[in-house]
There are 2 protein chains.
Amino acid sequence: MTDTTGPPTPTPLGERPSFLLAQLGLHAVTRFAERLAPLGLHPRHFVLLAHLAGGDGQTQQQLADTMGIHRNVMVGLVDDLEDRGLVQRRRHPADRRAHALHLTEAARDLLAQAQHAADEYDAELLATLDETDQARLITLLQRVAAHARLPVGVHPNLGQRPCDVAPDAARPAAV
Amino acid sequence: MTDTTGPPTPTPLGERPSFLLAQLGLHAVTRFAERLAPLGLHPRHFVLLAHLAGGDGQTQQQLADTMGIHRNVMVGLVDDLEDRGLVQRRRHPADRRAHALHLTEAARDLLAQAQHAADEYDAELLATLDETDQARLITLLQRVAAHARLPVGVHPNLGQRPCDVAPDAARPAAV
DNA sequence: TATTGTTATACTCTATAACTATA
DNA sequence: TATAGTTATAGAGTATAACAATA
């Protein structure tokens with residue numbers, strides 16, 4: 001059968017996994033950005049700090065590859081964080097072209113607060129599910145992500161415009 | 001306890017539901033846009049056509065509210081589809097300021113193809129899960145979306161730049 | 001010749017505000 | 001006065017290409 005007339009009842013958007021994921025993904029990143037804004041951090045800054053905390057001294061290019069963004073964008077992100085005294089560009093011991101990025105103590109304090117805010121938001125996002133279903137959902141999402149060959153912990157477009165993080169604005173607690 | 005030092009082991013990004021949703025959401029909308037591109041449709045066009053198929057004769061403002069976008073953006077979307085002969089702007093029977101939007105037969109044909117492409121993509125996206133887990137994931141996502149008070153079938157930022165849909169390009173099949 | 005960091009440019013998308021014609 | 005549609009404008013974000021320093 002060449003079914004060119006289409007199915008009698010098309011799948012509603014609210015039942016499409018792709019649509020649900022797109023809708024929830026945008027919502028999650030927007031709300032998470034709102035939670036991070038009081039700390040003066042953009043979601044991308046959070047991801048950058050988190051990745052850097054996993055290994056000090058990485059180059060900008062390495063971090064850009066890890067985060068799935070272009071090195072040009074990385075320049076601006078590091079500029080922001082350096083202006084705020086959260087990261088330092090030091091001489092790379094082995095390559096004089098590259099910068100070795102290092103977190104400051106203030107950054108580790110602020111990152112801990114950001115992780116706490118993220119934990120709170122994640123809990124609230126899934127608050128309607130019991131613990132079993134929460135774990136089930138996370139596992140299912142991880143399986144789908146793995147099947148799509150998405151790198152673990154990498155997300156290039158984390159929140160473009162939910163908040164504007166001026167280097168000299170809104171940092172009530174740390175720094 | 002004022003836990004300002006943070007937890008000893010921060011939650012990895014790959015275990016955060018907010019991060020997984022953001023990552024998968026962007027991935028889904030990007031890949032879906034690629035599937036739709038051969039039809040000359042942007043995801044937003046697809047959503048517009050799908051909503052309009054549910055009720056012909058709506059005004060641009062009504063559709064914009066339904067889709068969660070501004071009426072200014074709706075103008076451009078309707079322009080695209082009208083240029084391609086997929087929708088018609090007719091006189092509204094009750095309000096001479098408004099346009100009554102109507103789908104053409106070509107649009108219904110193309111929409112059926114797009115729905116088919118969406119079904120195919122959704123199936124592939126979840127191909128790694130058996131039927132039980134697929135249904136479970138969709139239900140869990142719907143519950144989380146409902147808890148977040150997300151309107152059913154509404155997603156404003158559906159794919160900004162994965163493909164550029166020129167009104168006079170790339171329409172192999174219909175129209 | 002290739003690569004790191006940087007800067008400049010153009011392009012896209014969005015948000016805001018205006019304008020008109022109707023209500 | 002408020003609303004539907006339209007247009008224009010400015011802003012943010014991105015991508016591409018170049019450049020200097022170094023490998």
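In what follows, every chain begins at residue 1, and chains take the letters A, B, ... in the order their sequences are listed.
As a whole-Å value, the separation of B/Arg91 CZ from C/dA23 P is 11 Å. Across the protein-nucleic acid pair, A/Ile69 atom CD1 and C/dG5 atom P stand 12 Å apart, rounded to whole Å. Nucleotide D/dT3 holds its P atom 17 Å from the CD atom of B/Gln60, rounded to whole Å. Spacing between atom CZ of B/Arg44 and atom P of C/dT12 amounts to 15 Å, rounded to whole angstrom units. Rounding to whole angstrom units, CG of residue B/Leu77 and P of D/dA4 are separated by 18 Å. In this structure, the NE2 atom of B/His70 is 8 Å from the P atom of C/dT16, given to the nearest Å. When the C1' atom of D/dA4 is taken as reference, atom CG of B/Leu63 falls 13 Å away, rounded to whole Å. Distance, B/Met74 CE to D/dT7 P: 15 Å, rounded to whole Å.
For B/Asp79 and A/Val73, each mapped to the nucleotide of DNA chain D holding its nearest heavy atom, the one lying further toward the 5' end belongs to B/Asp79.
Remark: B/Arg97 pairs with B/Asp95 by the salt bridge (charged side-chain N to carboxylate O under 4.0 Å, His left out) rule, at least two apart or across chains. Partners of A/Glu124 under the salt bridge (charged side-chain N to carboxylate O under 4.0 Å, His left out) rule, at least two apart in sequence or in another chain, are A/Arg35.
Here side chain to side chain donor-acceptor pair (under 3.5 Å) pairs that include residues 140-150 of chain B, with residues two or more places apart or in two chains, are A/Asp133-B/Arg143. Applying the salt bridge (Lys or Arg N to Asp or Glu O under 4.0 Å) definition to pairs two or more places apart or across chains, those involving residues 13-25 of chain B are A/Asp119-B/Arg16, A/Asp122-B/Arg16.
Close to C/dT4, at under 4.0 Å from its OP1 or OP2, lies a side-chain N or O of A/Gln61. Close to D/dT6, at under 4.0 Å from its OP1 or OP2, lies a side-chain N or O of B/Arg89. Side-chain N/O atoms of A/Gln62 include none lying less than 4.0 angstrom from OP1 or OP2 on C/dT4.
Minimum interatomic distance between A/Ser18 and B/Ala28 (heavy atoms only, all atoms of both residues): O-CB, 3.9 Å.
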Look for any protein N or O under 3.5 Å of an N or O in nucleotides 18-22 of chain C and output each such pair with its distance, or none.
| unit_1 | atom_1 | unit_2 | atom_2 | d |
| --- | --- | --- | --- | --- |
| C/dA18 | N6 | B/Arg71 | NH2 | 3.4 |

Using distance only, find each side-chain donor-acceptor pair of residues 68-79 of chain A under 3.5 Å and give its atom names and separation, not counting sequence neighbours.
| unit_1 | atom_1 | unit_2 | atom_2 | d |
| --- | --- | --- | --- | --- |
| A/His70 | ND1 | A/Asn72 | N | 3.1 |
| A/His70 | ND1 | A/Asn72 | OD1 | 3.0 |
| A/Asp79 | OD1 | A/Arg89 | NH2 | 2.1 |

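Between A/Arg90 and A/Asp56 there is no salt bridge, since no side-chain nitrogen of the basic residue lies less than 4.0 Å from a carboxylate oxygen of the acidic one.
Within 4.0 Å of A/His92, counting heavy atoms only, lies no atom of the nucleic acid at all.
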